[in-house]
Amino acid sequence: MNTIVYDGVLYNKDKLDAYGVTIETLRNTPDIAEFFRVKDVSGGKLYLDYNLQDDEVIHDVTGRFRYVKELEWFDDPTVLRIIAEVDGVEYVTGEIFKHPDFGTLTSDNLSGGCHTVILAYEGSTDGLALPLSWLDENCFKVLGSVSVKSDVVFDADTMPQLREWECKFISRRTGNVIDSYDSYYTELERFTLSQEEHTWF
């Protein structure tokens, strides 16, 4: 996405060009300026919670992605980097990508882990939690490298086999930082494993 600053405000230049709107137009009709403004995307955090109810969690992440995705997402360099680093595909155009082994595919055919990281980055969850189990091991480092646009909660429904996650979550139960096998297991044992049996190991 190309941007331009006018009067101290950041605007989406690609959108301005697409609609044929100039800076002079923004100056004379300030009521339309908000439509072209680049929203502040700072301040989002990743949270982790335990034993959530079924209606508090997005169980079909790919279905959710297909329902809420916007074509503009694929103009965002961060989204394209997520896709390249998680799934190893090359951007072509629109929402079309090329995989070195499987050929051409659309955004719908990206991995569930990739869909999860994109939804977390975009904050498109309607307040529902994303399942931690949908993150493949290579997703943690990528998720930890982006600034999510709003607070996102993950449901602690699995035990990642990573010693260090390279991604920091904040526990909604204790406020502790969860960023490794050890820090996660301590809370998982306290809030989940002590209450019910699991076969995650």
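For the numbers below, each heavy atom of this structure counts, side chains included, while hydrogens, waters and symmetry mates do not.
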A side-chain contact here means heavy atoms from C-beta on lying under 4.5 Å apart; do [X] and [Y] qualify?
X      : Y      : value
Ile58  : Trp134 : no
Thr78  : Lys149 : no
Tyr184 : Leu162 : no
Thr174 : Arg190 : yes
Leu132 : Leu48  : yes
Thr104 : Val92  : no

Could you give the distance from [atom1] ([X]) to [atom2] ([Y]), rounded to the nearest 0.5 Å?
X      : Y      : atom1 : atom2 : value
Thr192 : Arg173 : OG1   : CZ    : 7.0 Å
Ser107 : Trp73  : OG    : CH2   : 9.0 Å
Asp87  : His115 : CG    : NE2   : 8.0 Å

Does the [X] side chain pair with the main chain of [Y], one donor and one acceptor, at a distance under 3.5 Å?
X      : Y      : result
Asp151 : Tyr47  : no
Arg66  : Asp108 : yes
Tyr91  : Gly94  : yes

Do the side chains of Leu105 and Val79 join up, straight or via other hydrophobic residues, at under 4.5 Å, putting them in one cluster?
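Yes, because Leu105 and Val79 connect within a single hydrophobic cluster, where side-chain heavy atoms sit under 4.5 Å apart.
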Should Leu143 and Phe169 be marked as a side chain to side chain contact (heavy atoms under 4.5 Å, CB included) after you check the CA-CA gap, both sets of side-chain angles, and the distance that decides it?
CA-CA 10 Å; Leu143 181 59; Phe169 296 82; 4.1 Å; yes
Report, as yes or no, whether the 6.0 Å neighbourhood of atom CD on Glu56 holds more than 12 heavy atoms from other residues, nucleotides or ligands.
yes
So, Ser145 and Arg81: side-chain donor and acceptor under 3.5 Å apart, yes or no?
yes
Side chain to side chain contact (heavy atoms under 4.5 Å, CB included) evaluation trace for Ile178 with Phe154:
CA-CA 12 Å; Ile178 308 298; Phe154 276 80; over 6 Å; no
Working for side chain to side chain contact (heavy atoms under 4.5 Å, CB included), residues Leu46 and Cys167:
CA-CA 9 Å; Leu46 299 173; Cys167 181; 3.6 Å; yes
Run the side chain to side chain contact (heavy atoms under 4.5 Å, CB included) test on Glu85 and Val146 for me, step by step, so that the C-alpha distance in whole Å, both residues' side-chain angles and the decisive distance to 0.1 Å come before the verdict.
CA-CA 12 Å; Glu85 293 185 7; Val146 302; over 6 Å; no
Tell me whether Asp126 is salt-bridged to Arg64, with the criterion being a basic N under 4.0 Å from an acidic carboxylate O.
yes
